[in-house]
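For reference, the structure discussed in these notes is given below.
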Amino acid sequence: MMLRRKLYLGTVLGAILFLMIAAHTIQKASVVPITDLPTHHDFRIPMKNQTPLQMAVTESRRGNSCSCPSCIADKGVSEWFDQHYDHKRQPYLTGRDDDIDPLSLKWWLSLQASNGVIKDVTQKMFKIIFPPHENEMPQQSQCRKCAVVGNSGNLLESKYGALIDSHSAVIRMNKAVTVGFEEDVGNRTTHHFMYPESAIDLRPGVHLVLLPFKLKDMQWLSSALSTGEIKMTYMRVKNRVEADKDKVMVVNPAFFKYTHDRWTERHGRYPSTGIVAIIFALHLCDEVSVFGYGADKQGNWHHYWEYNRYAGAFRKTGVHNADFETEIIQRLNKEGKIKLYR
C-alpha cells in the first residue's frame, strides 16, 4: 500500500514539474521579437565575390524601388547622384495641362524660334498620338534592364551586339544604322530618339521618342504621322515617318531643362540628344548599360557607319559641351548608376 502511494505521488510530482518547465519555455518564447523570427527573406544567396559589407548594402537596397539586386532610384548609394537625381521628374508629356511649368516653358521656347501656342500644338498632337501608358514608369515588381546605344565609332569591332540585344529595352537615337553592323551594335530597338532633322522610319513595335528642341518639332510630329504637310524646319526634313502612333513619346521640355540645370549644369546652350537619352533612361529603367559614347580609340568623334574627315566637329559646335557631358557619363559609371562599355 505504501509503495503504491509513493508511486502515485511520484507520478503527480513529475507531471507538475513537466508542466512548470513547459510553461517557462512557452513564456520565454513569447517574448522573442517578431523581427527576430526567421522569414523567407533571411534565406539569401550571396553574389559571387561579395564582401559582407557589400552584401549588407545590397540587401538594404533590395526591393526598395525595383526587383533588381540594385536599383537606380535607390537613395543613399551615391550622395553625388542623390544631389542631381529628382525621382519626381516626368520624362515625357502626358497631355495634362500641368505637364510643363511656366519657367521651363519660357526657357525651352527661347532655344529656337517657332510660331504657335503650346497648348494648341499639344492638344492637336494628342489627337493624333496616344498618351504613353502608365506602366512606362518603373515599378517595384519589375527589373527593367536598358541599353542606351550611342553612335560612336568606338562600337566598331566591339562585338557588343548580342549583349546589347539581351537587354529588355534598347534605346537608340538619330540615324542609328544597324544593318550590316549587327555584330557590334545589335539589331533590336525598343525606343528610338529623334527630332525632325534626324528622323527615320521605324519598325512596328518601336517607340518613337521625339526630343523637341522647338515648338515646330511637335507640329512636325503631328504632320509626319498624318497629313505630311510640314516639309521644312530650318532645313528640309522627312514629311512622313512610319511609326506606331500608340507608342510615341515626347520628351517633356521641363525634363529637358532639368537635364540642362541639374546634370549638364548649363554647360553648352542645351544638352545633346545623347545625354538626354541617358538621363531619360535613368528615370524609366532600373539598370542602365551605355554603349557607343565618346571618341574612338584614335580620339576621333564620328559615327560608326561613316568615315568623318571632320572628326571632332561635334565638340566644337558651341551648342553642346561634349567634354562636360563625357565627365557626367563617366561619373555616373564611377558611382555605379550606369555601366559604361567602351
Side-chain angles (χ1 to χ4, degrees), residues 89-134 136-137 171-176 189-202 206-261 269-277 279-281 283-284 319-320:
R89 290 289 175 172
Q90 174 60 257
Y92 47 79
L93 294 178
T94 64
R96 297 194 304 263
D97 290 337
D98 61 349
D99 266 340
I100 315 170
D101 63 276
L103 189 63
S104 296
L105 180 60
K106 182 179 179 181
W107 171 83
W108 179 72
L109 288 173
S110 71
L111 297 181
Q112 298 183 33
S114 293
N115 295 322
V117 178
I118 182 69
K119 186 175 182 180
D120 295 340
V121 172
T122 54
Q123 283 182 346
K124 180 178 180 181
M125 183 177 69
F126 280 112
K127 288 180 181 177
I128 295 171
I129 66 172
F130 300 89
H133 300 296
E134 291 183 6
E136 294 292 345
M137 299 302 289
I171 300 170
R172 301 186 194 271
M173 59 206 71
N174 299 332
K175 298 294 184 180
T189 305
T190 61
H191 296 72
H192 198 117
F193 273 72
M194 66 176 71
Y195 46 90
E197 297 79 18
S198 71
I200 64 171
D201 293 330
L202 302 180
V206 178
H207 290 77
L208 188 164
V209 185
L210 177 75
L211 178 55
F213 292 91
K214 53 190 178 295
L215 195 58
K216 193 160 189 176
D217 292 353
M218 295 185 192
Q219 295 168 324
W220 166 85
L221 179 66
S222 299
S223 170
L225 294 173
S226 59
T227 63
E229 61 188 299
I230 296 181
K231 300 176 175 63
M232 289 284 297
T233 54
Y234 59 81
M235 61 179 284
R236 189 165 185 82
V237 296
K238 278 177 68 70
N239 65 315
R240 291 183 183 274
V241 171
E242 292 182 16
D244 290 349
K245 294 180 183 180
D246 62 340
K247 292 187 177 296
V248 176
M249 305 170 77
V250 179
V251 176
N252 192 333
F255 189 83
F256 199 12
K257 187 175 188 299
Y258 154 71
T259 303
H260 182 60
D261 292 344
R269 189 156 175 250
Y270 48 81
S272 69
T273 307
I275 192 68
V276 173
I279 305 304
F280 191 89
H283 284 262
L284 259 66
V319 177
H320 314 304

If you look only at distance, which donor and acceptor atoms sit under 3.5 Å apart when one is on a side chain in residues 119-128 and the other is two or more places apart or in another chain?
residue: Thr122; atom: OG1; partner: Ile118; partner atom: O; Å: 3.0
residue: Thr122; atom: OG1; partner: Lys119; partner atom: O; Å: 3.1

Less than 3.5 Å apart, which donor and acceptor atoms pair up between the side chains of residues 208-217 and the rest of the protein, not counting sequence neighbours?
residue: Lys214; atom: NZ; partner: Glu197; partner atom: OE2; Å: 3.2
residue: Lys214; atom: NZ; partner: Asp217; partner atom: OD1; Å: 2.7
residue: Lys216; atom: NZ; partner: Met232; partner atom: O; Å: 3.3
residue: Asp217; atom: OD2; partner: Phe213; partner atom: N; Å: 2.8
residue: Asp217; atom: OD2; partner: Lys214; partner atom: N; Å: 3.4

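When all heavy atoms of Ile171 and Ala281 are compared, the pair lying nearest together is CD1-CB, 3.9 Å. In terms of heavy-atom proximity, Ile230 sits nearest to Val237 at O-CG2, 4.4 Å. Counting all heavy atoms, side chain and backbone alike, Met249 lies closest to His207 at SD-CD2, 3.8 Å.
The salt bridge (Lys or Arg N to Asp or Glu O under 4.0 Å) analysis of residues 229-251, with sequence neighbours excluded, yields the pairs Asp201-Lys238. Among residue pairs with one or both ends in residues 96-115, those qualifying as salt bridge (Lys or Arg N to Asp or Glu O under 4.0 Å) are Arg96-Asp98; sequence neighbours excluded.
With sequence neighbours excluded, no residue forms a side chain to side chain donor-acceptor pair (under 3.5 Å) with Ser226. With sequence neighbours left out, the ring pair (Phe, Tyr, Trp, His ring centres under 6.0 Å) criterion links Trp107 to Phe256, His260. For Phe255, the ring pair (Phe, Tyr, Trp, His ring centres under 6.0 Å) partners two or more places apart in sequence, or in a different chain, are Tyr258, His283. With sequence neighbours excluded, the residues forming a side chain to side chain donor-acceptor pair (under 3.5 Å) with Thr189 are Arg172, listed by chain and number.
Here the side chains of Pro253 and Leu93 are in contact, with some heavy-atom distance below 4.5 Å. For the pair Thr233/Gln112, no side-chain contact is recorded, criterion being any heavy-atom separation below 4.5 Å from C-beta on. Within the 4.5 Å cutoff, the side chain of Tyr270 has no heavy atoms near those of the Val276 side chain. Residues Phe280 and Thr259 fail the side-chain proximity criterion, which asks for heavy atoms closer than 4.5 Å.
Atoms NE2 and CE, from His192 and Met173 in turn, are 8.0 Å apart once rounded to the nearest 0.5 Å. To the nearest 0.5 Å, atoms CD1 (Ile129) and CG (Leu221) are separated by 5.5 Å. Note: Gln219 CD to Asn115 CG = 7.5 Å, rounded to the nearest 0.5 Å.
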Under the side chain to side chain contact (heavy atoms under 4.5 Å, CB included) criterion, do Ile279 and Arg89 qualify, and how do the steps go?
-> CA-CA 11 Å; Ile279 305 304; Arg89 290 289 175 172; over 6 Å; no
